[in-house]
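Okay, so here's the structure we're looking at.
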Number of protein chains: 4
Amino acid sequence: MLNRVILIGRLTRDPELRYTPAGVAVTQFTIAVDRPFTSQGGEREADFIPVVTWRQLAETCANYLRKGRLTAVEGRIQVRNYENNEGKRVYVTEVIADNVRFLESPKSDGGSSRDESSSYGGGSNGGGNSGGGNRPEPSYGGGGGGNRGGGQAPRGGGSNSQDPFSDDGRPIDISDDDLPF
Amino acid sequence: MLNRVILIGRLTRDPELRYTPAGVAVTQFTIAVDRPFTSQGGEREADFIPVVTWRQLAETCANYLRKGRLTAVEGRIQVRNYENNEGKRVYVTEVIADNVRFLESPKSDGGSSRDESSSYGGGSNGGGNSGGGNRPEPSYGGGGGGNRGGGQAPRGGGSNSQDPFSDDGRPIDISDDDLPF
Amino acid sequence: MLNRVILIGRLTRDPELRYTPAGVAVTQFTIAVDRPFTSQGGEREADFIPVVTWRQLAETCANYLRKGRLTAVEGRIQVRNYENNEGKRVYVTEVIADNVRFLESPKSDGGSSRDESSSYGGGSNGGGNSGGGNRPEPSYGGGGGGNRGGGQAPRGGGSNSQDPFSDDGRPIDISDDDLPF
Amino acid sequence: MLNRVILIGRLTRDPELRYTPAGVAVTQFTIAVDRPFTSQGGEREADFIPVVTWRQLAETCANYLRKGRLTAVEGRIQVRNYENNEGKRVYVTEVIADNVRFLESPKSDGGSSRDESSSYGGGSNGGGNSGGGNRPEPSYGGGGGGNRGGGQAPRGGGSNSQDPFSDDGRPIDISDDDLPF
DNA sequence: TTTT
DNA sequence: TTTT
């Protein structure tokens, strides 16, 4: 009846934008959220939490988020399941985001995104607010918005039995005929 | 850096209380949270979200929560992983709760409460931890409290490579020598 | 950039439904939320938090919420201000709800709302989902939904300088020419 | 029974640290949170939300937060009231924070960081609580932690009937010798 | 002005 | 009285 999640953490990789066969944008990324305590060995551990965004928000995320960027995510927990190729049911837990806030401006202007991401807050921060190469930046430095009560994993017409995110690379094999948003 | 979850839903089963070898109480249950929209076929689906509580809160939950009961859970998302017996890494996502609120009072167990038991195919609470009726109830009808910034899955001294919740039945195979709380 | 509130508590009074001059429904109520600790004297205190809902959600709340009812509210904090009749600026903090969940069914069917609130989980639960007297009930026993990113206090065309909730009784003195939702 | 708030916004001023007569640290600040929509006139408005922190967290906030800094706040809504000097009851709504995250590092104020200083009219934080430059910074760029279920208005020995923030006055006398990180 |  |  109520399902709300708020996370602040850093992207572990650049986001992945795909399109469903019907052309709906889906972006997937993982954010690392440090745990509020240290482990036995005194190390700070993190939880790596998969996030999914849909439609307009998916495209904004794909455009503006990059590996290492500090990000706030608001959404709900979704648990979907599918049968893998060994006939075993696999459960996948993701945060379906309806609001994403970019807490860091890109700043870098010189390098590739590899450069940027390898630094993790370090690296050359030089050069004002100017843009990272070829992408437009949101005026506010914030972003997000979204389709609340809406965003969700599309349920395949016939087969829900495949992980839409398992076959990286090409258009995902899901149907989106009647997405409820 | 920030990781907060709030859920309201109903227990899919009676909670399971166990103890680590060092005697720390752990309770696991799953709550079903209806999605805020209907599926293609017009059915209302739900997410089944695993919840873990520790220590005092674990014992309170084991005492007062029952299958079908409407419950609010506050906590954080934790993603742990272990290697299964086929040598494959398995990821488990759970909500580590630090606050649980009992939104329904037990009402009686003798008979009249048809209404109550009809939710969730209820009825026989047989086996396991159950045994309705013989437990004290919290005066307020609420519950919870907890160890924030604390609760977490204990990380085994030597082997983290086993799902502590996979072998239902006997004392779980985890070490808790230095639980950080 | 992010503003989210989740509350569970009980209505201190029946909700008040009004309409703006342009016919937009607004419902105001206060929920009492017990504090997670006791006061000096060992008494359990509560915060009394004003909640505002708009449009469809306002009407649903007016129809189904009653004094004493346990309720979950999701929304954002809004601080508005106006100048009172002594020329002094007054600040009003409210939760603008976009999701409200009814955690208790009405149950009573005979009596007044006084009767209702005194029962508290008691009373006859008989007869499935059947309705409390003269009002339709939501099928699920839940309710809510709403206009996220939307709901907000309408800002008066000319004068924002009056508390829209101060003169109980008749149509509120606010303009809603271009409510952004 | 449940009361949780999460905010991300910017400090409108430097935080104010004080001590209760019994020596408990209290820090107050306001964060501006942009609304998720624009007003009639197309302007982006904000809510200005007062935040209170206690004890260790108060001192950390006083040490590391500054006007303009992007900050995440987690806590609960508290509504207190007192009688003002005209004998009228005044209601004050604040967020009592138990977790504060510093989303922007100070970066330095000495020289190189053009980028940084240009964004906030940086540099001289003149007067008040400031003292730029001479404080250690948290290694992670994050901060916070706190006393959950704890943070609360200290209950004065005799009179609770006074606004602890009413006697604004002069610079406060704090030490930061033993920062917790 | 407050709910249970 | 407000931040960017």
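Note on naming: letters A, B, ... go to the chains in the order of the sequence lines (proteins, then strands), and numbering restarts at 1 for each one.
- A straight line from CG of Leu70(C) to P of dT2(E) spans 20 Å, rounded to a whole angstrom.
- The Thr30(D) side chain lies nearest to dT2(F) when the options are dT3(F), dT3(E), dT2(F).
- Residues Ala46(C) and Asp34(C) come closest through the heavy atom pair CB-OD1, 3.8 Å.
- One interatomic measurement links the two molecules: CG of Asp14(C) to C1' of dT4(E), which rounds to 15 Å at whole-angstrom precision.
- No donor-acceptor pair closer than 3.5 Å links the side chain of Arg76(C) to the backbone N or O of Arg35(D).
- For the pair Ile31(C) CD1 and dT3(E) C1', the interatomic distance rounds to 10 Å; values are reported in whole Å.
- Taking atom CZ of residue Arg66(D) and atom P of nucleotide dT3(F), one finds them 17 Å apart after rounding to whole Å.
- With dT2(F), dT3(E), dT4(F) as the candidates, the nucleotide lying closest to the side chain of Lys67(C) is dT3(E).
- Minimum atom distance to the side chain of Arg89(D) is reached by dT1(E), of the listed dT2(E), dT3(F), dT1(E).
- Going from atom CG of Asp47(D) over to atom C1' of dT3(F) covers 12 Å, rounded to whole Å.
- Across all strands shown, Tyr91(D) has heavy atoms under 4.0 Å from base atoms, whether or not it also approaches the sugar-phosphate.
- If you take CZ of Phe29(C) and C1' of dT3(E), they are 13 Å apart, rounded to a whole angstrom.
- For Arg13(D), the CZ atom sits in a loose shell: 12 or fewer heavy atoms of surrounding residues, nucleotides or ligands are nearer than 6.0 Å.
- Distance Glu94(C) CD to dT2(E) P: 19 Å, rounded to the nearest Å.
- Going from atom CD of Glu104(D) over to atom C1' of dT4(F) covers 9 Å, rounded to whole Å.
- Side chain of Asn3(C) to backbone of Ile77(C): a donor-acceptor contact under 3.5 angstrom is found.
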